[in-house]
Each structure stands twice: as structure tokens, then as C-alpha cells.
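Both counts, for ligands and for their atoms, begin at 1 and track the order of listing. Model, not experiment: these values are computed from the prediction.
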Amino acid sequence: MSTTTITSREIRLASRPFGEPDEGTFDLVETQVPEPGPGQILVRNTWMSVDPYMRTRMNAGESYIPPFEVGAPLEGSAIGEVVASEADTIPVGAAVSHFAGWREYAVLDAAHVQVIDVENVRPQDYLGALGTTGLTAYLAVTEIAPVREGDVVFVSAAAGAVGSVAGQLARRFGAARVIGSAGGAEKSRKLTETFGFDAAIDYRAGSVAEQLAELAPEGIDVYIDNVGGDHLEAAIESLNDHGKVAMVGMISTYNATEPSPAPRNLPTAQTKRLTLRGLVVSDHFDRFPEYIETAAPLLADGSLVTEETIVDGLENAPSALLGLLRGANTGKMLIRLTA
Ligand SMILES: NC(=O)c1ccc[n+]([C@@H]2O[C@H](COP(=O)([O-])OP(=O)(O)OC[C@H]3O[C@@H](n4cnc5c(N)ncnc54)[C@H](OP(=O)(O)O)[C@@H]3O)[C@@H](O)[C@H]2O)c1
């Protein structure tokens, strides 16, 4: 197949946002797709992941992952179909997972993609429950803040991709009681009705600390922190001695223009002998096979319940990311591409 005539579209970072990004932060640009060279494949992307950490990559400065460059396309996890191949190992027609999202077509070295099985698994699950958000949830409750039999566990952003899986896995690994927090009445109802949490906090309806104290009068043993700020402060207050916190994410701070004042009670972490441990999922990609072995059967038999929020079209990806940061999603936020 000749690829010289293929036009692709990609989303570039137009400027670094200060505070909340807006549509002007992004550019939608048409490009001409190059021919794949030796050892390369041309992929037509079909699904793209939208993730909160993308906001942090819009800031300048080094972190565990380099910042996006102004004028360059964004990137992120994506699934696609091989439409041309100059690599012996990957045939045309294969479904692949890779990191060149935020564009419709990508030319990639075969060594940088994974061929995926889409006969038995829905392709988009590789971006969610069987992808990095699922693995993050698994690591949080098994390794970073391991849940023990009988624990009381609190999960924030619990209606989201990581949180909804973390709550269910915490229960499976022995938690006696799992409490989740989410924004709004509808989402917090979903925690108990859909995702199997025992109790839900609507953080928009009142103080997290007061609601948590009421729902866990004997305290909590493990906190899976996706939010930081007031949620972390409330958890530190409620944690029992020797309690554990998996510091998974701090979404309440991603658009902040000043350092967060909370948690104001960090000294309590010392007197309670708490463990607060950070997680970067890419440090643990070698655990994927073990995770998939655990989670794929649960997903297949329906005992791991997932939801997704699907937005169609590359041109709508920026508003999907802005929406994610404001809570527009339940479960995994995905872009479906049909170009
Ligand atoms: N450590 C790692 O390697 C790793 C890997 C993946 C993800 N993460 C982190 O895990 C967290 C969840 O990621 P995800 O991909 O599963 O996203 P998600 O939870 O599916 O989506 C983000 C959710 O965050 C909530 N949120 C936004 N602003 C908030 C605020 N100020 N206070 C409380 N909640 C807020 C919103 O839900 P509500 O409507 O409930 O507010 C929104 O739906 C993020 O912090 C992310 O950075 C970390």
C-alpha cells in the first residue's frame, strides 16, 4: 500500500497553560504521513487514552517524564491497526498498542509497539482496566499500600479509571470496608450501586474530613490517594496508627498556580507512624503479565466492573482532557478515532 497520499491530523501543544488550560492551549494540525522505513510500521490509531498526568506534562521543567514541547504533538497511550509494514515481525492488519497517541496515524519502530490480542479482549480495555490505569490500581493496593484482611480502605477519585478498579481490587484482596469519594450525587451513588463500594462521600456536598470520620468511626487503615489536598488531609486525620497511603496522584493540584496548603496535618503522619509511598506506574511495567493474569479473568466474567466515557474524534480530544480535569468522566476517558 502506498502511504504517500495519506493525510493525518495531530494535536499539538500551542502554549504552556498557567492554571486551567483551555482550547487555545491546543492546535489541531494536518500533516502528511511519511512512508515507514525499514523495521517500521504505519499505524492508524483507533483508540486514545486521555490521562490527568498529561496536564502536568504541559508545564516546563523536569519530572519523572519529560514535558511536552510547545509546537510538538502531544503523546500518550493509544491502540491502532497496522496499515503498512516494513517490519518482519508485525504484519498489516495486526492490532497494536503504543505511545504515539494524539494523532490519527503514526509511523513507529516495530520495537516500540506491542501486538495485542483483540479476539478475546476489547481493544480499548488495553487503555483502561487492562492498561496502565488498571495496573496502577493493582500496584496501589498490593504493593504501595498493601491491603490486608479486614482493613478499612478509602479511595479518592473513586468513580474514575484508577479509583473504580482500586476499590474493587481492595475488596478482593481482603478489605472489610471500602469507602470511596467522588464529585456529585450521581457519581457518588454509582460508587455503591455500580462499583461495589460500601459507602460514598460526595466531596462537593461537604467536608471530606467530616464525612470520612462519620463513615469510618474506627478509622481507616489504607488510603489510595488520587487527589491530594483536602482528601489527603482528611485521610491522615482518619488513618489508624501504622496506616498506609499510596500516593498515586494529586489531581486537585494539577491546575494549581500556587502550592497546595493541604495537608496541614502532616506532623500527624509521624505521630501515627504512617507510611506515605509514591507510585510511578512505569517503574513497574514488568508487573503487567502478572496483573493481566489476575485482572483479565475478572473482567471477562464480569466480577471487575468498569465504565468508560467515550468521546468521538481527534478534534474533540482537547475538550475531553479539559473535561477529565473537571470530572466529566466516569471510569476511563477514551477518544475513539474513525479516520
Ligand atoms: N502514579 C501513577 O503512575 C499514575 C498512573 C495513572 C494515574 N495516576 C493518577 O491517578 C489519578 C486518577 O487518574 P485516572 O486516570 O484514573 O483519572 P480519572 O480518575 O478517571 O479522572 C480524573 C478524576 O479526578 C477527579 N477530580 C478532578 N479534580 C478533582 C479535585 N479537585 N478534587 C477531587 N477530585 C477531582 C474527577 O472526578 P470527580 O468528578 O469525582 O471529581 C475526574 O473524573 C490521577 O491523580 C492521576 O494523575 C497516577
Would a distance-only check, ignoring hydrogens and angles, find a side-chain to backbone donor-acceptor pair under 3.5 Å from Asn226 to Gly249?
no
As a quick check of understanding, evaluate side chain to side chain donor-acceptor pair (under 3.5 Å) for Asp109 and Gln40, giving each step before the final call.
CA-CA 4 Å; Asp109 290 343; Gln40 290 189 317; 3.0 Å; yes
Closest heavy-atom pair and its distance - Thr309, Asn329
OG1-CA, 3.5 Å
Which N/O atoms of ligand 1 sit under 3.5 Å from a protein N/O, and at what distances?
unit_1	atom_1	unit_2	atom_2	d
ligand 1	1 (N)	Val248	O	2.9
ligand 1	1 (N)	Leu279	O	2.7
ligand 1	3 (O)	Val281	N	2.7
ligand 1	10 (O)	Asn226	OD1	3.4
ligand 1	16 (O)	Ala161	N	3.3
ligand 1	16 (O)	Val162	N	2.7
ligand 1	20 (O)	Ala161	N	2.8
ligand 1	20 (O)	Asn329	ND2	2.9
ligand 1	21 (O)	Asn329	ND2	3.3
ligand 1	28 (N)	Leu325	O	3.4
ligand 1	34 (N)	Tyr203	OH	3.4
ligand 1	37 (O)	Lys187	NZ	3.4
ligand 1	39 (O)	Lys187	NZ	2.6
ligand 1	40 (O)	Gly183	N	2.8
ligand 1	41 (O)	Tyr203	OH	2.4
ligand 1	43 (O)	Lys187	NZ	3.4
ligand 1	43 (O)	Asn329	OD1	2.5
ligand 1	45 (O)	Asn226	O	2.8
ligand 1	45 (O)	Tyr254	OH	3.3
ligand 1	47 (O)	Tyr254	OH	2.7

For the CZ atom on Arg16, are there more than 12 heavy atoms of other groups (residues, nucleotides or ligands in this structure) within a distance under 6.0 Å?
yes
Show me the donor-acceptor pairs within less than 3.5 Å that the side chains of residues 64-75 make with the rest of the protein, sequence neighbours left out.
unit_1	atom_1	unit_2	atom_2	d
Glu75	OE2	Arg57	NH1	3.2
Glu75	OE2	Arg57	NH2	3.1

Give me the ring orientation class for His231 and Tyr203: parallel if the planes are under 30° apart, tilted from 30 to 60°, perpendicular past 60°.
perpendicular
